[in-house]
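Working notes, structure below.
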Number of protein chains: 2
Amino acid sequence: MHPLDEAIDLQAAAPNEFKGATHPAYANMVGPFGGTTSAQLLQSVMLHPDRLGEPVALTVNFAAPVADGAIRFVARAARTNRSTQHWIIEAQQSDGVVATATAVFAVRRETWSDVEAVMPANVPVPDAVPRMPVKGMPAWPQRYDMRFVEGAFPAAFDEQEQAHSRSTLWVRDEPERALDFASLVAISDSFFPRIYIRRRRRALIGTVSLTTYFHADSALLAQVGTRHVLGVAKALNYRHGYFDQTGELWSPEGQLLASTHQLVYFKD
Amino acid sequence: MHPLDEAIDLQAAAPNEFKGATHPAYANMVGPFGGTTSAQLLQSVMLHPDRLGEPVALTVNFAAPVADGAIRFVARAARTNRSTQHWIIEAQQSDGVVATATAVFAVRRETWSDVEAVMPANVPVPDAVPRMPVKGMPAWPQRYDMRFVEGAFPAAFDEQEQAHSRSTLWVRDEPERALDFASLVAISDSFFPRIYIRRRRRALIGTVSLTTYFHADSALLAQVGTRHVLGVAKALNYRHGYFDQTGELWSPEGQLLASTHQLVYFKD
């Protein structure tokens, strides 16, 4: 079983309640990788007997540090319409709520479609880009095969401030795993905090809110399979302890699979 | 009293509960302007006796059409930390939940700050740009003074598809009102649906989720006062009934006040 599937293997415990736990394969320096927590929050809806359709939007708020160990997920459909459904989800540990989330699920129809965002051009194929070394890193980056074309995680925190924080990289689960909503959500939180790329300086950081819009449905995700997706991320603004960053995840064929935005706390 | 202040004039009804109503000055074609509903959701936290600090992130999910009339707001602090606080808010009408929201509030500290997004250059001052005519429009656009530099609302739905949906405009409340979090949230939802700019074709649309990150604190908003702010908006992707758009709101001095993202349902 893939470690991500182990991590999102929640057990129904009561109506609207699921039990799960942090997974050592996705450990961060302290507590778990937020992407895995996000995937678990989404999974509590995916597994819910009342679920309608597929996710189109997910917002996760990281309310407190998640401790290694058990997590209780409470997922409630606040509103169900004919083709859309709105969820409120809470992750709880012994000391209270550690994350909240809202999710919008929908049954999609075929319509006029078009990509207006621009996929980076002239990007070398994944095989032509070396994988980021993960030795000495926490467990979670070791669960990804990241190949940076631009804006790599700094090899040294030399405090040489960069002109911008933009990154372009190929990324997939490691070991390989066919892309689905759970892995797409986790990958949406796999962009390193932009302040590290920008300032090459240590800082205490923590994502406080993460929003992902799913442009792909499960059929499109299945077309991607186990291949890399192209990730692009950049910061918009840093001010008084918070910055935001925005990202895109593209299929190799140039379909925008997801756009993702987050607000990050930092202390310098 | 300014109509926006009337619209967000909620009455405490019980612990965690406030009563409000839609306001005819912000009516849309059917029901109210979503920006006003968002401002009301935020206001239920602003008025809450347990509130800590100022908003840094707000996500509003529009769960069902809001009917003209009374709305009940239930705001609950899911988690309070030393300098951050996480809220879950629901807007209810007689037929159930019509909107859900999560908000992150925080006490900010001074840190290294920088804008990485790029404000449009060579934009003429507001006085040099004509105001968008609002005759024949619903009430809510009449509550804004919008001056389009680029990407105006189409004068006619001539079905001439455009290359992109980008808009740049000066915008302020009409009548004038000093900028605060309530008006900033409402303005974040005032960008017209990008599909109208892009396709110049009628479509049934509805925002399903709106996320705003506040880079400004109340001191910075006070500096803007009643002047226009510069709005920039563009779409990223349209696919199978949903598209997303992203926007920025800039102070005249080039401070990024807020970044805002939304997912919109459409039917063509």
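Naming convention: chains lettered A, B, ... in sequence-line order (proteins, then strands); numbering from 1 in each chain.
Across A/Val98, A/Thr102, A/Val118, A/Ile195, the residue that shares the most heavy-atom pairs under 4.5 angstrom with chain B is A/Thr102. Taking chain A as the reference chain and counting heavy-atom pairs below 4.5 Å, the highest number among B/Ala203, B/Ala63, B/Ala57 is found for B/Ala63. Options B/Val97, B/Thr84, B/Thr80 differ in how many heavy-atom pairs under 4.5 Å they form with chain A, and the most are formed by B/Val97. Here B/Asn61 is the residue among B/Asn61, B/Val208, B/Thr100 with the most heavy-atom pairs under 4.5 Å with chain A. Interface summary for chain B: among A/Val56, A/Asp114, A/Leu256, the most heavy-atom pairs under 4.5 angstrom belong to A/Asp114.
By the 6.0 Å and 45° rule, B/Arg199 stacks over the aromatic ring of A/Trp112.
Among all heavy-atom pairs drawn from B/Ile88 and A/Glu90, the shortest one is CD1-OE2, 3.7 Å. Contact record, B/Leu210 with B/Gln262: CD1-NE2, 3.6 Å, taken as the closest heavy-atom pair.
Only the backbone of B/Phe62 comes within contact range of chain A, with at least one heavy atom under 4.5 Å from a heavy atom of that chain. Residue contact with chain B, scored on non-hydrogen atoms closer than 4.5 Å, involves the backbone and the side chain of A/Arg108 alike. For a residue to count as touching a neighbouring chain, one of its non-hydrogen atoms must lie under 4.5 Å from one of that chain's; by this rule A/Ser209 touches chain B with backbone and side chain alike. Contacts of B/Asn81 with chain A are made by side-chain atoms alone, with heavy-atom separations under 4.5 Å and no backbone atom involved. With a threshold of 4.5 angstrom between heavy atoms, A/Thr211 approaches chain B through its backbone and through its side chain. Contacts between B/Gln255 and chain A at a heavy-atom distance below 4.5 Å involve the side chain alone, from C-beta outward. With a threshold of 4.5 angstrom between heavy atoms, A/Arg194 does not approach chain B through any atom at all. For chain B, the nearby parts of A/Val115 are the backbone and the side chain; heavy atoms of each come within less than 4.5 Å. A/Ala216 touches chain B through its backbone: at least one of N, CA, C or O sits under 4.5 Å from a heavy atom, while the side chain does not. Using a 4.5 Å cut-off between heavy atoms, B/Glu161 touches chain A through its side chain atoms alone. With a 4.5 Å cut-off on non-hydrogen atoms, A/Gln245 does not touch chain B at all. For A/His86, the part lying under 4.5 angstrom from a heavy atom of chain B is the side chain only.
Using a 30° and 60° split on the angle between ring planes, A/Phe153 and A/Tyr196 fall in the perpendicular class, above 60°. Taking the six-membered ring for Trp and thresholds of 30 and 60 degrees, A/Tyr238 and A/Phe243 have ring planes inclined between 30 and 60 degrees apart. Note: A/Phe214 and A/Phe181 have perpendicular aromatic rings, judged against thresholds of 30 and 60 degrees for the angle between ring planes.
A/Asp244 and B/His215 share a side-chain donor-acceptor pair at under 3.5 Å. Looking only at atom types and distance, the side chain of B/Glu116 has a donor-acceptor partner in the side chain of A/Ser165 under 3.5 Å away.
Within 6.0 Å of CZ in A/Arg82 there are 12 or fewer heavy atoms belonging to other residues, nucleotides or ligands.
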Run the numbers on A/Arg109 and B/Asp268 for salt bridge (Lys or Arg N to Asp or Glu O under 4.0 Å), then give the verdict.
CA-CA 10 Å; A/Arg109 295 162 298 97; B/Asp268 60 1; 5.3 Å; no

